[in-house]
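Below is one structure, written out as structure tokens, with a few remarks after it.
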Amino acid sequence: MYQVVLDTNVLLAALRSRRGASHKLLGLIGDGRWQLNLSVPLFLEYEDVVKRPDSGHGLSPEQVDDILDFICASANLREIFYLWRPLLPDPKDDFILELAVESSCDFVVTFNVRDFAGAEKFGIEVITPQEFLRKLGELPRVP
């Protein structure tokens, strides 16, 4: 089973459009092939971003709460301690990398792959939602 952290931009993309890899990935939370990992700071960021009036998803507050509740119920909650920072080009992403390290993650799934340069030092692969779906066998491999 793959251990995974989803960057906030993937969740927001999944809520904005029912077409695309992010939405398909959101629908696969709880699938036996991978485990979502979550920390309190990442959940608070998810909540902050998806509840902004300009978030562009068109969902009601109740629908957003239901989705966030489902994510919390399905994810493996991890505690992080902020013992090493900053490491990444954008220090705001360090808590995501620290969660991935704490969770012994295989993947961080994000649209901002370049922002996580350095994650490979910890054996963590940083990939897009589409690439992760390929790993799961949900999309055909690119030759």
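Numbering starts at 1 and runs along the sequence shown. This is a predicted model, so every value here is computed, not measured. Heavy atoms only: backbone and side chains are in, while hydrogens, waters and symmetry mates are out.
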key: Spacing of CG belonging to Leu6 relative to SG belonging to Cys105, to within rounding of 0.5 Å   = 9.5 Å
message = Looking at Val50, is its backbone amide N or carbonyl O close enough to the side chain of His57 to form a donor-acceptor pair, meaning the two atoms are under 3.5 Å apart?
response = yes
ask   = Any side-chain heavy atom of Leu42 sitting closer than 4.5 Å to one from Ile96?
value = yes
query = So does Asp31 pair up with Arg33, basic N to acidic O under 4.0 Å?
reply = yes
Distance-only donor-acceptor pairs under 3.5 Å for side chains of residues 112-123, two or more places apart:
| from | atom 1 | to | atom 2 | distance (Å) |
| --- | --- | --- | --- | --- |
| Glu120 | OE1 | Gly118 | N | 3.0 |
| Glu120 | OE2 | Gly118 | N | 3.4 |

inquiry  = Using modelled atom types and a 3.5 Å cut-off, is there a donor and acceptor pairing between side-chain atoms of Asn76 and backbone atoms of Leu36?
reply    = no
query = Which heavy-atom pair separates Gln130 from Ala21 by the least distance, and what is that distance?
reply = N-CB, 3.6 Å
request  = Indicate yes or no: at least one non-hydrogen side-chain atom of Ile80 is less than 4.5 angstrom from one of Val40.
outcome  = no
ask   = Looking at Asp66, Val64, Asp65, which hits side-chain contact (heavy atoms from CB on, under 4.5 Å) with Leu59?
value = Val64
ask   = Got Leu25 and Val109 here, is their nearest side-chain heavy-atom distance under 4.5 Å?
value = yes
request  = Measure from the side-chain N and O atoms of Asp94 to the backbone N and O of Leu88, and report whether any donor-acceptor pair falls under 3.5 Å.
outcome  = yes
query = Can you tell me how far the SG atom of Cys72 sits from the CG atom of Leu77, to the nearest 0.5 Å?
reply = 7.5 Å
query = Taking C-beta and beyond as the side chain, do Leu12 and Ser55 meet within less than 4.5 Å on heavy atoms?
reply = yes
task = Could you tell me the separation between the OH atom of Tyr2 and the CD atom of Glu125, rounded to the nearest 0.5 Å?
result = 9.0 Å
message = Please report the interatomic distance OG(Ser104) to CD(Gln3), rounded to the nearest 0.5 Å.
response = 7.5 Å
ask   = Hey, does the side chain of Gln35 reach the backbone of Ser74 with a donor-acceptor pair shorter than 3.5 angstrom?
value = yes
remark   = Between Ala13 and Phe111 the two heavy atoms that sit nearest each other are CB-CE1, 3.7 Å
Electrostatic pair Glu45-Lys92, nearest N-O below 4.0 angstrom = no
query = Got a second to check how far Ile71's CD1 is from Leu26's CG, nearest 0.5 Å?
reply = 5.5 Å
task = Answer with yes or no whether the side chains of Asn9 and Thr110 bring together a donor and an acceptor at under 3.5 Å.
result = yes
query = So, do Lys24 and Glu138 sit near enough that their side-chain heavy atoms are less than 4.5 Å apart?
reply = yes
key: Approximate separation, where rounding is to 0.5 Å, of Leu38 CG and Leu68 CG   = 9.5 Å
key: Audit row: Trp34, Phe107, ring-ring contact (aromatic ring centres under 6.0 Å, His included) steps and yes/no   = CA-CA 10 Å; Trp34 65 289; Phe107 303 103; 10.0 Å; no
